[in-house]
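Below you'll find the structure, written out as structure tokens, and then a few comments.
Atoms considered below: every heavy atom in the structure, side chains included; atoms not considered: hydrogens, waters and symmetry mates.
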Amino acid sequence: MRKLLPLIGTPSGSHPGGRSAMTCRFRCGDACFHEVPNTSSNEYVGDVIAGALSRRSVMRAAAVVTVAAAGAGAVGVAGAPEAQAAPAAQGGPRKPEGARGLRFTPVAPNTADAVTVPEGYRQNVVIRWGEPILRGAPAFDPEKQTAAAQAGQFGYNCDFLALMPLKGERGRQLLVANHEYTDEVLMFRGYDSENPTREQVEIAWAAHGLAVVAVEEDHRSGKLTPVTRHPLNRRLTATSEFRLTGPVAGSDLVKTSADPSGTKVRGTLNNCAGGTTPWGTTLHAEENFNQYFAHGSRATDKRYGIGTGTTERKWERFDKRFDLAQEPNEVHRFGYVVELDPYDPDSVPRKRTALGRFKHEAATVRLTHDGRPVVYSGDDERFDYFYKFVGSKRMRPGNSRSAREHNLTLLDEGTLYVAKLTGDSPAIEIDGTGKLPKDGEFDGSGQWIPLATATADGAVSHVEGMTAEEVFVFTRLAGDKVGATKMDRPEDIEPNPVTGKVYVALTNNSNRGVGSNPGADEANPRNANKHGHVLELTERWNRPESTKFAWSLFLVAGDPEDPATYFAGFPKDSVSPISCPDNVAFDAHGNLWISTDGSALGSHDGLFGVATRGSRRGELKQFLTVPRGAETCGPVIQDRRVLVAVQHPGEVDGASVEKPASTWPDGPGRHVRPAVVAVWRADGRDIGV
């Protein structure tokens with residue numbers, strides 16, 4: 001096993017996308033430093049982003065950071081005024097221009113330890129790590145944490161967010177959140193990473209998972225606040241009961257000593273992005289599950305990035321299921337999409353194995369013309385693939401018991417596909433600098449390759465040499481065999497509800513074109529890709545069940561002064577700089593909203609809106625930034641509100657409870673706490689109009 005990087009003194013520049021060593025350790029188990037799991041010889045899509053920032057752009061970024069940090073509008077602590085907005089431009093406020101839904105003054109790149117929002121907007125912290133949501137749960141006390149308390153409190157490091165309607169309860173909605181992972185060094189005073197205590201481990205188990213909590217709007221101010229003890233409030237943790245469904249349920253590949261039936265799983269881990277369904281459930285993607293399991297020894301373990309030694313958190317010391325030498329099949333029970341019914345607090349969430357097993361970043365849904373579900377998902381790993389599942393059963397409308405029971409089976413039957421992309425320009429025109437080919441666009445065609453089909457009577461493999469069960473458990477290997485296109489960390493994938501086009505966020509891949517790794521091609525036209533890009537797919541006849549599509553690069557991220565960047569043809573002197581696109585969402589106008597993870601431009605991560613059509617297509621504007629060390633996650637874009645999860649604030653090399661790198665959200669002397677933030681216009685009108 002590779003020796004862990006030290007927390008103190010490690011230059012952040014040595015980590016992909018500007019991430020700190022702490023982020024790499026706790027979030028994804030140093031995924032970017034272990035050997036690339038995909039060693040197959042099928043065609044690579046993409047190279048990476050060309051050089052570092054120019055001296056001029058670095059100086060310019062430093063200037064805006066200084067101004068933004070000094071501005072009174074960026075406020076990061078609980079006792080500060082609520083008018084937390086970016087400083088107004090010289091000469092006083094003016095009416096912002098832009099596409100409908102994006103008419104706000106962009107926030108300047110900055111390094112303020114705050115959530116900074118545009119002029120004329122307000123915000124509040126909706127809910128923090130540790131706030132009680134279940135009856136009987138105590139108030140948060142960082143010095144007296146217990147697993148029982150945490151199991152009734154809001155979990156740690158929220159990622160995916162959904163706001164679901166609550167019929168009959170005016171002004172209230174259900175907030176559903178993922179709790180991806182834990183930063184033990186920021187949770188526990190005096191934490192010893194080599195010798196965690198059982199109590200600390202059990203608290204961490206309880207801080208993982210999912211949360212459902214009712215929230216209430218104050219119509220006078222726009223604030224959202226949690227409704228504690230609401231009957232639908234719920235916490236699911238790393239030890240809660242889950243059920244395996246679909247083609248893998250009952251397979252010998254998922255049977256363990258604790259579950260000889262192969263159908264019942266304790267817990268869900270590393271839930272990253274997700275989605276909502278038209279039938280009223282939420283989907284939760286298990287991503288970097290590999291980091292929790294010790295002593296991998298098989299080729300399949302290696303393909304999934306599972307190490308041969310001990311783990312960072314040492315959970316295997318306290319539960320043998322995390323030790324593959326003792327329970328080799330336990331890891332096969334993670335890496336799925338979880339479906340939750342937030343309206344039934346007694347329901348058992350289901351792991352939908354027909355959607356495949358890999359590091360799911362997302363699970364977003366739309367329906368075919370005849371009502372069948374299509375689910376898109378990316379595998380967040382360097383040189384891995386993105387997928388879609390096309391269901392074979394139609395959704396039944398309505399909320400009757402029979403309709404709900406039927407719809408809760410929709411994701412167990414259908415066909416799983418993986419994507420293969422081909423460029424349409426001569427290879428000689430793709431030189432790795434980001435220079436456009438002669439036809440003026442990076443584009444091409446693609447196909448969805450079937451891997452396996454699940455039915456009520458069984459499952460059929462479409463991959464030579466693999467059974468259907470093997471395809472659904474070892475989905476990465478199936479993608480290898482059929483020659484899927486290797487991508488640069490495909491993360492969130494979401495269809496535009498207005499245009500039907502599908503957008504794929506590719507966060508980064510600093511290994512592209514480095515050493516023996518392949519160089520640029522048309523789908524990834526830059527070498528050393530530390531900033532990432534966004535693909536736009538148009539499926540044939542705009543039908544999600546189609547097996548063919550056209551693609552183009554919609555956005556090539558980075559400093560607009562870098563000639564390798566591209567913003568759908570929009571003038572680059574009129575856009576905000578962006579790096580490392582991660583989660584995506586849409587507003588009612590069809591604008592794409594992008595949150596970032598690990599910006600390599602020297603400023604903090606943020607949330608950006610970009611027009612996808614019309615004369616302003618490609619105009620990208622920064623809407624907010626998050627505090628020091630934080631990532632912007634789970635954006636929800638409503639007509640009059642934007643919601644984001646501020647994940648891992650203070651996650652900076654060398655930081656600890658004793659030496660915090662951030663004081664957000666409650667100020668000096670208190671624990672830094674991941675939280676959910678709501679943003680709205682001060683005048684109560686719709687966002688960006």
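In this structure, a donor-acceptor pair under 3.5 Å is absent between the side chains of His284 and Tyr336. Judged by distance alone, the side chains of Ser595 and Thr632 never bring a donor and an acceptor atom under 3.5 Å apart. Donor-acceptor pairing under 3.5 Å is lacking for the side chains of Thr596 and Asp582. Checking Ser377 against Lys388 by side-chain atom types alone, no donor-acceptor pair falls below 3.5 Å. Side-chain atoms of Asp159 and Asn178 form no donor-acceptor pair, as typed in the model, at a separation below 3.5 Å. Inspection of the His369 and Glu545 side chains reveals an N or O donor paired with an N or O acceptor under 3.5 Å. Side-chain contact check for Arg352 and Thr245: at least one donor-acceptor pair (N or O, by modelled atom type) lies under 3.5 Å. Side-chain atoms of Lys501 and Thr538 form a donor-acceptor pair, as typed in the model, at a separation below 3.5 Å. With hydrogens and angles left out, the side-chain atoms of Thr455 and Asp457 include no donor and acceptor closer than 3.5 Å. A donor-acceptor contact closer than 3.5 angstrom links the side chains of Tyr385 and Asp480. Lys359 and Asn288 share a donor-acceptor pair across their side chains, judged by distance under 3.5 Å alone. Counting only N and O atoms by type, the side chains of Gln447 and Thr547 include no donor and acceptor under 3.5 Å apart. In the model, Trp551 has no side-chain atom that pairs as donor or acceptor with a side-chain atom of Asp443 under 3.5 Å.
A salt bridge links Lys351 with Glu286; the closest basic N to acidic carboxylate O contact falls under 4.0 Å. Ion pairing between Glu361 and Arg489 fails under the 4.0 Å rule for side-chain N and carboxylate O. Using a cutoff of 4.0 Å between basic side-chain nitrogens and carboxylate oxygens, Glu494 and Arg366 are not scored as salt-bridged. By the 4.0 Å N-to-carboxylate-O rule, Arg303 lies too far from Asp301 to be salt-bridged with it. Salt bridge status for Lys486 with Asp384: absent, with no side-chain N to carboxylate O gap under 4.0 Å. Using a 4.0 Å cut-off between charged nitrogen and carboxylate oxygen, Asp488 and Arg512 count as a salt-bridge pair. By the 4.0 Å N-to-carboxylate-O rule, Arg350 lies too far from Glu339 to be salt-bridged with it.
Partners of Asp252 according to the salt bridge (Lys or Arg N to Asp or Glu O under 4.0 Å) rule, which considers only residues two or more places apart in sequence or in another chain, are Lys255. For Phe334, the ring-ring contact (aromatic ring centres under 6.0 Å, His included) partners are Phe293, not counting sequence neighbours. Remark: Glu413 pairs with Lys393 by the salt bridge (Lys or Arg N to Asp or Glu O under 4.0 Å) rule, at least two apart or across chains. In this structure, the ring-ring contact (aromatic ring centres under 6.0 Å, His included) partners of Phe554, at least two apart in sequence or on a different chain, are Tyr503. Shown here are the ring-ring contact (aromatic ring centres under 6.0 Å, His included) partners of Trp279, two or more places apart in sequence or in another chain: there are none.
Remark: aromatic rings of Tyr292 and His208 are close, center separation under 6.0 Å. Aromatic rings from Trp448 and Phe389 are positioned such that their centres are separated by 6.0 Å or more.
Between Asn591 and Phe586 there is no side-chain heavy-atom pair separated by less than 4.5 Å. Two residues are said to be in side-chain contact when any heavy atoms from C-beta on lie closer than 4.5 Å; Phe570 and Arg616 meet this criterion. Here the side chains of Thr282 and Met164 are in contact, with some heavy-atom distance below 4.5 Å. Side-chain contact check for Leu324 versus Ile306: some heavy-atom pair is nearer than 4.5 Å. In this structure the side chain of Asn329 never reaches within 4.5 angstrom of the side chain of Val254, judged on heavy atoms.
Between the side chain of Glu522 and the backbone N or O of Ser425, at least one donor-acceptor pair lies under 3.5 Å. Under a 3.5 Å cut-off, the side chain of Asp559 and the backbone N or O of Asp562 do not form any donor-acceptor pair. Remark: side-chain polar atoms of Thr612 are paired, donor with acceptor, to backbone N or O of Gly590 under 3.5 angstrom. Within the 3.5 Å criterion, the main-chain N or O of His406 finds a donor-acceptor partner in the side chain of Thr409. The backbone N or O of His531 lies less than 3.5 Å from no partner atom in the side chain of Asn508, so there is not a single donor-acceptor pair. Within the 3.5 Å criterion, the main-chain N or O of Tyr566 finds no donor-acceptor partner in the side chain of Lys572. Side chain of Gln622 to backbone of Leu607: no donor-acceptor contact under 3.5 angstrom is found. A donor-acceptor contact shorter than 3.5 Å links the side chain of Thr277 to the backbone of Thr281. For the pair Tyr304 (side chain) and Arg357 (backbone), a donor-acceptor distance under 3.5 Å is present. Checked by atom type and distance alone, the side chain of Asp597 never pairs as donor or acceptor with a backbone atom of Glu631 at under 3.5 Å.
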Practice task
Give the C-alpha distance, both sets of side-chain angles, the deciding distance and a yes or no for side chain to side chain contact (heavy atoms under 4.5 Å, CB included) between Leu421 and Phe549.
Solution key: CA-CA 9 Å; Leu421 286 73; Phe549 58 87; 4.1 Å; yes
Practice task
Quick one: do Asp424 and Asp439 satisfy side chain to side chain contact (heavy atoms under 4.5 Å, CB included)? Show the steps, please.
Solution key: CA-CA 9 Å; Asp424 68 357; Asp439 66 3; 3.4 Å; yes
Practice task
Applying side chain to side chain donor-acceptor pair (under 3.5 Å), run through Asn271 and Thr268 and close with a yes or a no.
Solution key: CA-CA 7 Å; Asn271 302 93; Thr268 185; 2.9 Å; yes
Exercise for the section: Give the C-alpha distance, both sets of side-chain angles, the deciding distance and a yes or no for side chain to side chain contact (heavy atoms under 4.5 Å, CB included) between His179 and Asn157. Expected result: CA-CA 5 Å; His179 298 296; Asn157 271 344; over 6 Å; no
Exercise for the section: Output, in order, the C-alpha distance, side-chain angles, deciding distance and verdict of side chain to side chain contact (heavy atoms under 4.5 Å, CB included) for Trp593 and Val584. Expected result: CA-CA 5 Å; Trp593 291 71; Val584 297; over 6 Å; no
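If you take NE2 on His360 and CG on Asn270, they are separated by 12.5 Å, rounding to the nearest 0.5 Å. Rounding to the nearest 0.5 angstrom, the gap separating the CD atom in Glu287 from the OH atom in Tyr181 is 10.5 Å. To the nearest 0.5 Å, atoms SG (Cys633) and CD (Gln647) are separated by 4.0 Å. One distance of note links CE of Met395 with CG of Asp370; it measures 11.5 Å at 0.5 Å rounding. Here the CZ atom belonging to Phe623 is positioned 14.5 Å from the CD1 atom belonging to Ile594, to the nearest 0.5 angstrom. Of the inter-residue distances, the one linking Thr353 atom OG1 with Leu253 atom CG reads 11.0 Å to the nearest 0.5 angstrom.
Environment of CZ in Arg372: crowded, with over 12 heavy atoms of neighbouring residues, nucleotides or ligands closer than 6.0 Å.
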Acceptor/donor pairs from residues 464-474 side chains to any protein atom, 3.5 angstrom cut, sequence neighbours excluded:
{"unit_1": "Thr467", "atom_1": "OG1", "unit_2": "Glu470", "atom_2": "N", "d": "3.1"}
{"unit_1": "Thr467", "atom_1": "OG1", "unit_2": "Glu470", "atom_2": "OE1", "d": "3.4"}
{"unit_1": "Glu469", "atom_1": "OE1", "unit_2": "Ser251", "atom_2": "OG", "d": "2.9"}
{"unit_1": "Glu470", "atom_1": "OE1", "unit_2": "Thr467", "atom_2": "N", "d": "2.8"}

